[in-house]
Chemist: 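I have a structure here, written as structure tokens, and I will follow up with some questions on it.
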Amino acid sequence: MKLNLIAIRRGVLRWEGLLVILIIAVAFANSQLSPYFLNTSNLLRTTSDFMEIGIMMLPMVFVIATGNIDLSIASTLGLSASLMGWLFMGGWDIWLAVLVALIASIFAGLLNGFLIAKLKLPSLAVTIGTLSFYRGLAYALLGDQAARGYPESFTFLGQGTMGSTGIPFSLLIFGGFALIFGLVLHKTTFGRYIFAIGNNEQASRFSGVPVDRIKMIIFVLSSVMAAIAGFILAARFGSTRPDIGTGLELTVITVTVLGGVSIFGGSGTMIGAVLALILVGILRFGMGLINLQGQVQDIIIGLLLILSILLPRFGKQLASGLNWNRGTIFRLAGVVTVAVLFGIFFFWSRTLVLAR
Amino acid sequence: MIAEKPEVASPPERRFWQIFVKFRETGIIIFIVLLSVLVTLRNSAFLSADNFRDILLNISILIIVALAQSMVIITRGIDLSVGSMIGLTAMMVSYTVTAFPGMPTFLAIPLGMGLGAVLGSLNGLIIAVGGVPPIIATLGMLSIYRGLIFFYSNGKWINAFQFPPEFRELAKGTPILGIPNLILFAIVVIISVFYFLKYTRRGRDIFAVGSNPDAARFAGIQIKQTIFTVYMISGILCGLAGVLWASRFESAQTNTALGFELQTVAAPVVGGVNIFGGSGNVLGVVLGGFLLGIINNSLTLVQISPFWQLAAQGLLILLAVVVDSFILRRLKRFSSKRKR
Amino acid sequence: GDPTATTVPVATTAAATTAAAATTTAAAAAGGNKTFILVPKALGIPYFDTANKGAQEAAKELGVTVTYQGSATADATQQIQLLNSLIAQKVSGLAISANDADALAPVGKAAIEQKIPVVSWDSNIAPSGRLVHINQANAEDIGRGQIQLISKLIGGKGKIAILSATSTAPNQNTWIGFMKEELKKPENSGLELVATVYGDDQDEKSYTEAQGLMKTYPDLKGIISPTTVGIAASGRAVTDAKKIGQVIVTGLGTPNQMRTFVKSGASPAFALWNPGDLGYLSIYTLNAISTGQIQGKAGETFKAGKLGSYTIDKDGVVLLGKPTVFDATNIDNFNF
Amino acid sequence: MMAEKAPVIKIEHISKSFGGIQALKDVNFEVYSGEVHALLGENGAGKSTLIKIMTGVEQPDSGQLFFEGQPIHFANTKAAQTHGIAAIYQEPSLFPDLDIAENIMVGRQPMRRRGVDWKKMYQEAGTLLKRLGLSLDPRTKARELSVAQQQLVEIARALSINARVLIMDEPTSSLTQGEVEELFAIVRQLRASGTAIVFISHRLEELFEIADRVTTLRDGSYVDTRSMSNVTTEELIRMMVGRSLDQLFPKQDVLAGEVVLEVEDLSVDGAFSNVSFKLRRGEILGMAGLIGAGRTNVARAIFGIEPATSGTIKLDGKVVSINSPEKAMQLKIGYVPEDRKEHGLVLAMSIANNITLPVIAKFARFSWLNKKKETQAAREGSVQLEVKMAGVEQKVGQLSGGNQQKVVLAKWLGTKPRILILDEPTRGIDVGTKAAVHRLMSELAAQGMAILMISSELPEVLGMSDRILVMRAGQLTGEFSRAQATPEKLMAAAAIA
Ligand SMILES: Nc1ncnc2c1ncn2[C@@H]1O[C@H](COP(=O)(O)OP(=O)(O)OP(=O)(O)O)[C@@H](O)[C@H]1O
Ligand SMILES: Nc1ncnc2c1ncn2[C@@H]1O[C@H](COP(=O)(O)OP(=O)(O)OP(=O)(O)O)[C@@H](O)[C@H]1O
Ligand SMILES: [Mg+2]
Ligand SMILES: [Mg+2]
């Protein structure tokens, strides 16, 4: 029994451990490759580039842990920021505008939640629809205009730092929320319900878990946090255009699953997600410092995502000994041949045109 | 009250009333008809043969890829890398045909499909053999393949004037009855996929694996091979789509088909493919793609303010999904009442 | 901007004097081991790559290093991330084509505070976030020029439509504004602007929009598309609809993309400046600031190699010149 | 006769462990063609694991498998299938989205030149279903089937393989007598034609009816193999449990109290109609019926899962509307569903978390969890039901089928309901535990709980109920007092006229 418990704990800890090791490795590599990496003010400044992602990631952990997905967050971000900007341009007080936009985001979340929890539509289908719908509303509001001229009290949200420490104010906001979301997920009945629903929604329902209500709450949370991220991003930009934050949802999902939250629902930790955010953050920053092109950076993040899951499994297989029968060798030879042929064609054909 | 997964693909029925009831696509067809009537009232050009041909042209590539996407979704997977695979094969094929203007242009098709097969197989290996969850694997490959386009081309696009003139005929030529090749390709793919899914064991395995993977293991179905196959097919069809894309738009750019994956997921979802795997059928996907095509086409025809177009598009997709599920539920209730 | 563009040349000073004023000594000697960064809106776009060619030419002449660094997609968030890592490296200067004029201002300001000179080119940064903006062409010239061009091509009479990039692209909107001004003139009374649509700078969407225009307005005579993606897509849509000669396409495009359509008559003429010169001028301007020849104040004058002398106007804008009109007679002299 | 031929399957010194749990220790087993060989053992004894090794689902840690005398290794189920080994697993494993015919034929669909021959497939499936006495359209989706119907489809699948070895892991656990008879008739035919059959059941009387020999496992170890003709029930139990057992249906006589639940004209469209009955304090009300009679649907309606479309439910004389399980639980109703895998348990969560799920709020202050209290309660619940486990932190999915069922019971007893609905409560539970569960039910009733027990096992219904309702095709067709009820009367009321 002892043995078994240890095995269980190790299973949970392994992922976070791997992330910590990766973070240390990347940090070390960065400090070797660039003299500018280990510089507090540089690190702090780049932190604020990732806070909106982080803030949206927190409820995304909830959403994915229940076995759902929310593709509409970046659009909700855009809608809230645009509504705020639109009201502000219409002469409203900025904080009143923020409040109204925040309320609007609750409705956005309620619509998602209603369609998913009450009408039992798949979250992917619903949020693909609201992805266009909410972004579309942002365009309808601002059209070809940009909202600008926000007061400094507002831009402080995204640009301000804590006194002379250089710690971005948005980092504080994120840290506070991360703590709350983490505790809710791991220490409360709400968190327990999330995991139960993610593992077996029907059994949860049969056990009296208020499945629909919890889903509603989670999707509302997701939208509200997206709105908050929207205000911070608008504050950081000092302006709002209706396309603000387009495409961020994929980054948020990438970070969440890299953090070990099972895409099928039912498992994951908040610490893992935060560690993944740190990992992606310092990796991006480091790659920027050594002047890797944007696309190359994307390739590396993509590889990281895949290899972080692939390599541990592969290692385990190697450790337990590969079964070198003829079938395996044939297949391996086939794969290698195809890969080599593809590689040759790839490099040869590109020179044909590029050389001209 | 329990969550019921939407249910699809019905076998032939004997009793007359059940044909209508069990016909999964009723909802979407009603929606298409309603939308068409409304649009025609605003602009009668909508109903013209010309416009109809344009809609079909515009959705042909989407349907080809959406069918591949559906097969992946039926196995409980998703392929987010389709846009990047299309872009990469489009670029590589375009480079090749411009480098060898003398080569018979139809060879571009097998070339594209072959390249696509390699890309899809890599996805398949990572997912089926490596055990990486599909959404993670293909999210990663989305960036990787897109990055490779950039690396491959060094940012150099291929423009219309660089292609051999016959290359555009690949998609736009009209050898049979004046129907453009592009539509013919789509029809061939639709029929092939239908046959594959309905009449081959491997095709049936796809449904079995998606419906209950544990049971599939007990039943001795080759799960890994099945999963590998759908991703490889996805690659092959993306390769075909890449060639057609380059031919139709007469250009290969670093951002070709960027973001296309969302549409290829939307079409099956609107067409009733169960996003949790196990069910879905070809007709639904085709209708789903058709509906998306109509929405895009009609938004330009009804002269809705361009600032409202995106919102209208999202709203219509939402409505389609909701209306479909309502009609489905109504029909189910009706059929269960009649059973008694 | 890159006419696929997003941001605005705020200033529209028609009176900018590009003519030679006081000449400053050539900056070539002052190069040293400076590293300037040329930041496009995104990588993998030929227009910007051409600008980079010009920038490299300038670098060679000046004896500095110019690195071409961009994000994967044309997105302000990514661009800010990139700029932050560039600032951290303490590069010698930044020349940025901004994805969002306002959003990039704070980070530009931060760079300037750290003594890293910032200029924007092609697509403006709000004045607080850059020292100088290098404007490819005067917005009013572009806007009015487009109308004059289409009027000539369709014989001064008929329905026309505009196919723009995204509805949020401010420079497109500024140009469209001047087009509408120009249309009010009596000599253009025969032209009727029936619609403005947006192709979002996506090939596919632009194509569909152009198709839609021809269907909704069967007697459409011309399409103006002040964006490289849109004009090429329109050319193709007109060709595919077999309406060459009936519907004339013009706007802003690159010669390579438009070559086929110029020759087929789908788009007999269109305009653009030389992006290579734009990159060239940007690096010269940056170098002039970096070496202290100028501060970026209005009225300062500097020499930019083969392009001659430039003066900074009162909005901190340097104007490259007038756009070139490409047609069948000259298109084969250009390759970008 | 058996001594001359080699056994079709022979297992020698097989051991298997999962993580820290030793499921099988040095087990021997063999089965000859033309023999029905029963496997017997308590829940968690290792029966299912043993057959999974025979079918290639699991790989043994050590030991050897022989097929017709030759050593062999099944790397996967396909390999075992090609050797003619077919199996029905304990948990129904159908494809919910496929129709019955395809579930039966999956991977072996009849082919013609132009691909899968659907017509032939429906014909063959229809014939098989008829043979099993199942009047279902082979085009019906498996999703729409009840657990028992699913089990029958599984049996049809195994039969359609024409296997040399047919392995059945508790195929009868949710079948009623009629279906069991039909199944046994087929098994006898197969035995006569030389098929080797491995049969697992916790219903000892079935073993006496069908099995030739029986092998008993205890705690993963081999105990003995005996011929059924010279073994008694008591001996079997002693081999299984290691001790003898007292009474099997220890029903205490209680005086039923006031009516707590009254159902009037309850109907759910398409499922059942006009069901009326009363349930009293301290009473165990049995509910019998054939498969698909609608008993489960009645329970689901009362528990608010699929609310009634008409009719009323009264609690303590007051009309209540129950439209969700949450509401039902507030009214102190509990429901142990028949499908434990889908509805009863969250397999990937721990035993503790499963047991406390319905009452988790009780272990929290301002929703802040007190894990110590929770674990304590879970431990008590699982000890009471004798769950065989490594600890309450163990995942429920790792437990044997019977032990999973005990966790479901522990979970609902933990809610301390006034009215407990049990849907096939002892499905897959071994005799020893079954007796314990029955004793517990009896005690709970004596303490004043009202129990509605749906069961397809006639002896259980007869042995445990104070009163028995019988359903047929969505209607109540009979009510019997404990004294009146006989198997014949119940069957007559349940059978389709
Ligand atoms: N996948 C698994 N992981 C961990 N433990 C397992 C697993 N499968 C079985 N076990 C353990 O192995 C032991 C034997 O289980 P098995 O399912 O073979 O029992 P069984 O005899 O079939 O019981 P039942 O009559 O309840 O079906 C049990 O203790 C069980 O907890
Ligand atoms: N999980 C479920 N979801 C939807 N419908 C169900 C479910 N379970 C049962 N049903 C429906 O209820 C019908 C009646 O079966 P039910 O299980 O109520 O009968 P029963 O008398 O309890 O028989 P059984 O002995 O099979 O449990 C089934 O044929 C099935 O269509
Ligand atoms: Mg078992
Ligand atoms: Mg039942």
Chemist: Indicate whether any N or O donor in one side chain lies under 3.5 Å from an N or O acceptor in the other, for C:Q79 and C:D75.
Modeler: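 Side chains of C:Q79 and C:D75: no pair found under 3.5 Å.
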Chemist: Chain C heavy atoms under 4.5 Å from A:F50: which part of the residue, side chain, backbone, both or neither?
Modeler: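 It is the side chain, since no backbone atom gets that close.
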Chemist: Between C:L43 and C:Q69, what is the shortest heavy-atom contact and its length?
Modeler: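 Looking at all heavy atoms of both residues, the shortest contact is CD2-C, 4.5 Å.
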Chemist: Nearest 0.5 Å please: distance from the CG atom of A:L305 over to the CD1 atom of A:I253.
Modeler: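 The distance works out to 11.0 Å.
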Chemist: Can you see which heavy atom on C:G70 is nearest to which on C:P40, and at what distance?
Modeler: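 Nearest heavy atoms, C:G70 then C:P40: CA-CD, 3.9 Å.
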Chemist: Any residues in residues 131-141 of chain A near chain C, with a heavy-atom distance under 4.5 Å, and which are they?
Modeler: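 Listed by number, the contacting residues are A:Y139.
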Chemist: Centroid-to-centroid, C:W121 to C:F48, below 6.0 Å?
Modeler: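 Judged by ring-centre distance (under 6.0 Å), C:W121 and C:F48 do meet the cut-off.
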Chemist: Is there a donor-acceptor contact under 3.5 Å linking the side chains of A:D49 and C:Q81?
Modeler: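 The answer is no; no qualifying pair exists.
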Chemist: Using a 4.5 angstrom heavy-atom cutoff, name the option from A:N42, A:V296, A:T240, A:L289 with the most pairs to chain C.
Modeler: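 When all of A:N42, A:V296, A:T240, A:L289 are compared, A:L289 has the most.
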Chemist: Does any backbone or side-chain atom of A:L142 lie under 4.5 Å from a heavy atom of chain C? Answer side chain, backbone, both or neither.
Modeler: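 Neither; nothing under 4.5 Å.
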Chemist: If you look at every heavy atom in C:V118 and C:G129, which pair is closest and at what distance?
Modeler: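 Nearest heavy atoms, C:V118 then C:G129: CG1-O, 3.6 Å.
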Chemist: Out of A:R236, A:R241, A:R148, which residue meets the salt bridge (Lys or Arg N to Asp or Glu O under 4.0 Å) rule with C:D102?
Modeler: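 Among the candidates, only A:R148 passes.
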Chemist: With chain C as the partner chain, list the residues of residues 275-288 of chain A whose heavy atoms fall under 4.5 Å from it, by residue number, and write 'none' if nothing qualifies.
Modeler: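 Within residues 275-288 of chain A, near chain C: A:R284, A:F285, A:G288.
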Chemist: Check the side chains of A:S41 and A:N39 for a donor-acceptor pair under 3.5 angstrom, ignoring hydrogens and angles.
Modeler: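 There is such a pair (donor and acceptor under 3.5 Å, judged by atom type) between the side chains of A:N39 and A:S41.
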Chemist: Could you go through C:E113 and C:K109, starting from their C-alpha distance and side-chain angles, then the distance that decides it, and tell me whether this counts as salt bridge (Lys or Arg N to Asp or Glu O under 4.0 Å)?
Modeler: CA-CA 6 Å; C:E113 278 164 9; C:K109 210 164 117 193; 5.0 Å; no
Chemist: Please look at C:L86 and chain A and tell me whether the side chain, the backbone, both or neither of the residue comes under 4.5 angstrom of a heavy atom of that chain.
Modeler: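 The side chain, not the backbone.
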Chemist: Is it the backbone or the side chain of A:D298 that comes under 4.5 Å from a heavy atom of chain C, or both, or neither?
Modeler: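 The side chain, not the backbone.
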Chemist: Any chance the side chains of A:S72 and A:D70 put a donor and an acceptor closer than 3.5 Å?
Modeler: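 Yes - a donor-acceptor pair under 3.5 Å links their side chains.
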Chemist: Which atoms of A:R45 are under 4.5 Å from chain C, going by heavy atoms: the side chain, the backbone, both sets, or neither?
Modeler: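 For A:R45, heavy atoms of backbone and side chain both lie under 4.5 Å from chain C.
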Chemist: Taking side chain as everything from C-beta outward and backbone as N, CA, C, O, which of these in A:Q293 sits under 4.5 Å from a heavy atom of chain C? Side chain, backbone, both or neither.
Modeler: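 Contact with chain C is through both the backbone and side chain of A:Q293.
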Chemist: Contact part of C:T77 toward chain A, heavy-atom cut-off under 4.5 Å: side chain, backbone, both or neither?
Modeler: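 For C:T77, the contact with chain A is made by backbone and side chain together.
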Chemist: Between the side chains of C:T227 and C:D201, does any donor sit under 3.5 Å from an acceptor?
Modeler: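 Yes, because at least one side-chain N or O of C:T227 sits under 3.5 Å from a partner of the opposite role on C:D201.
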Chemist: Does a donor on one side chain and an acceptor on the other come within less than 3.5 Å for C:T254 and C:Q257?
Modeler: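 A pair is found: one side chain offers a donor N or O, the other an acceptor, under 3.5 Å apart.
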Chemist: When only pairs under 4.5 Å are counted, which of C:P106, C:G44, C:A88 shares the most heavy-atom pairs with chain A?
Modeler: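 So the answer, after comparing C:P106, C:G44, C:A88, is C:A88.
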Chemist: List the steps and the verdict of side chain to side chain donor-acceptor pair (under 3.5 Å) for A:N291 and C:Q89.
Modeler: CA-CA 10 Å; A:N291 291 329; C:Q89 294 174 57; 3.1 Å; yes
